[in-house]
Amino acid sequence: MLMPADITRAMLQDFVAEEAWLMDAQRWDEWAALFTADGRYWVPASPGQPDTPDQVSLLDDDALLRAVKLKRLRDHRAHSQQPAGRGHHLLQASTVVTMDTPGNRFELRTPFVYTELRAGHTVSLPGVAWHHLVVEAGALRMRMKRVDLLHADQPLRAVEFYL
Amino acid sequence: MSTSGAPRGGGDAVAGFDPWALLQPDQVHRDLYLREDIFALEMERLWARAWLFVGHDSQVPQAGDAWATTLAGQPVMMLRGHDGAVRVLHNRCAHKGAPLRPEGASHAGQTLRCPYHAWSYRLDGTLLAAPQKDGLAGTAFESSPAAQGLTPYGEVAVHRGFVFARARRDGPGFEASMGELLAALDLLADRSPQGRLTVAGGVLRTAFEANWKIYLENINDAFHPISVHASVTASADSVWRSAQESGHAAAQAPATPPLAMRQLLPFGSGYDFFKAMGARVLPHGHSLLGTHHSIHTGYADLGAYGEALRRSHGEARTAQVLAFAPQNVVFYPSMALKGAPPVMRVLRPLSAGRTVLEAWAFQPEGAPPAVLRSALLYNRQVFSPMSMVAHDDLHLFEGQQRSLAARGNTWVSLHRGAVRGPDGGLREALPRDVDGLDEALLRNQYRAWAEGMADAPPGAEAAC
């Protein structure tokens, strides 16, 4: 069974690359399974935004809200997904920011450009993804994925998928 | 009538334009959503005449605080003076036109100073100094507009911290225009035991490719949630049910759904619910949707806060304040409010086919943090560009903007509830209280549109 002491930088970097692949392939159930039970997906609405419920975010989903969003994307009444949209990640090599093996805490910084195509319209968003990972039940899992968009505080077009 | 007139600058865009020709008692013509020349005229007439929401005075608490934004296509700034007054000035240096303040919130200090040639202004907008002033001696400078300093956007009125302004004076005055909406602002402000609201928690802004009126109609449209938002409510309902039913989650799941779910699930309410919520048609395009109840009735959690409200406002007023949880109060044409959660939407039209929506939240001073947090959660879940609720709305608005170009039927139906009286005309009075599905609210918006789009009556500038 995989233990925190077994984790290498390459394993962490592979995790991030494979996570993006699952999203682009829209294998959402497998993607959702990458989170811990209390795992959080967070997109702040301003640069350097403090982590507080007293500031609005673009998205801040726990397991329940992720399940609703992913179920809705596949619902035949999801009008905005007719025709179905597609997402594409262009990732820069991840930097391992925290490698705390005894504490079972791993953190990576990954610059990206995410492009979403929907109803013939393309939205491209540069940003930085921060993966906070732990080893749980023998596998790497996301405790939090934070996505800092370059345009976080600007008027944005609709962005429908997790990025 | 052509569908794609080129934008024209300066003066009235279309001489002899008759807005009433685009209206019937129960239909509006699609040209008013599509034509850029009509959009230019909307900014010069309707939006310039309307009392537009500029901002809330809590955004500029100290002298020298500025909030720069766009009103009716004009660059403006809301500025707090040393006298405590909030002014709305054009964000344009009197010299060469450079902006004085950057967009959004900033602090000017004791004076405003232009970064280009260092002209400086008092916080009331009057010119304080221009460097090397001897070079202007003997010129006509003193009698030029530049010597007058910064130009006020127009008239300003403040009610319970809400700052409104109008550029033209040939329409109804502030109180006459706002009418019952002032009482709605009072009810919202009195959610604070101190009677004060603060804008807090930041803004979410969404850009979309549709006419601003399509969005404004939707705010008054209780007919759409059941069909538009079915995917969200069905998914939320199903996920919540299975979370409760699964043995694993049942141990953790509380008896009532979390607030995030309680905000999403009511979007699935049926036609009967929305019909019974009631609506009120108000003069000048304004309206109140949810006069009896709304999807927001019943998720307030009060405790000691309720006590504080009763101490400040008394039992009767507190009951009245807490009962006020409308679906939407529309301040035509630029803003809409909810009472609980205390959120506000502001429309910033960019062109006939492009609009920016802003979603703001309020903290009633003296209320627990949960009030602001519920507003921020609501904005994130419903108005964020990443919101699954907004996605279906925006998709449909953008689709409408494209499909309205169809040359077959060029009219948009607003017939629901429009049983014609003996006159049957556009001048026939609209009913005041209607059911929640009645399109009288939309017919009311378009009458106000045509009134605001009328050519200036002679001598109107003097008649305020």
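Letters A, B, ... mirror the listed sequences (proteins, then strands); counts begin at 1. All values derive from a computational prediction rather than experimental measurement.
Heavy-atom minimum distance, B/Ser58 versus B/Arg196: CB-NH2, 4.0 Å.
Across B/Leu357, B/Leu394, B/Val228, B/Leu264, the residue that shares the most heavy-atom pairs under 4.5 angstrom with chain A is B/Val228. Note on B/Pro369, B/Ser227, B/Ser231, B/Ala200: by heavy-atom pairs under 4.5 Å with chain A, the leading option is B/Ser231. Note on B/Glu209, B/His395, B/His229: by heavy-atom pairs under 4.5 Å with chain A, the leading option is B/His395. Among the candidates B/Glu358, B/Glu398, B/Met388, B/Arg348, the residue making the largest number of heavy-atom pairs closer than 4.5 Å to chain A is B/Met388. Among A/His121, A/Arg118, A/His79, the residue with the largest count of heavy-atom pairs under 4.5 Å with chain B is A/His79.
Interface residue B/Gln381: only side-chain heavy atoms are found under 4.5 Å from chain A. Heavy atoms closer than 4.5 Å to chain A are found nowhere in B/Leu377, neither backbone nor side chain. For a residue to count as touching a neighbouring chain, one of its non-hydrogen atoms must lie under 4.5 Å from one of that chain's; by this rule B/Val232 touches chain A with backbone and side chain alike. B/Ala260 touches chain A through its side chain: at least one heavy atom from C-beta onward sits under 4.5 Å away, while N, CA, C and O do not. Residue contact with chain B, scored on non-hydrogen atoms closer than 4.5 Å, is absent for A/Leu73. Looking at A/Gln49, neither its backbone nor its side chain comes within 4.5 Å of chain B, counting heavy atoms on both sides. Of the two parts of A/Ser46, neither the backbone nor the side chain holds a non-hydrogen atom closer than 4.5 Å to a non-hydrogen atom of chain B. Neither the backbone nor the side chain of B/Thr233 comes within contact range of chain A, judged by heavy atoms closer than 4.5 Å.
Once rounded to the nearest 0.5 Å, the distance linking CG of A/Asp148 with CZ of A/Phe112 reads 8.5 Å.
Using a distance-only test at 3.5 Å, with no hydrogens or angles considered, a donor-acceptor pair links the side chain of A/Gln26 to the main chain of A/Gly85.
Relative to the ring axis of A/Phe35, A/Arg66 places its NZ or CZ within 45° and under 6.0 Å from the centre.
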- Message: Quick one, B/Arg205 with A/Leu156, criterion side chain to side chain contact (heavy atoms under 4.5 Å, CB included). Give me CA distance, side-chain angles, the key distance, then yes/no.
- Response: CA-CA 6 Å; B/Arg205 295 189 291 172; A/Leu156 292 173; over 6 Å; no

- Query: Going through the distances and angles, do B/Ser374 and B/Leu259 end up as a side chain to side chain contact (heavy atoms under 4.5 Å, CB included)?
  - Reply: CA-CA 8 Å; B/Ser374 78; B/Leu259 181 59; 3.7 Å; yes

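Under the 4.0 Å criterion applied to side-chain N and carboxylate O atoms, A/Asp62 and A/Arg40 are not assigned as salt-bridge partners.
In this structure, the ring of B/Phe208 has its center less than 6.0 angstrom from the ring center of B/Tyr215.
Sorted by first then second residue, the salt bridge (charged side-chain N to carboxylate O under 4.0 Å, His left out) pairs that include residues 229-244 of chain B, not counting sequence neighbours, are B/Asp237-B/Arg241.
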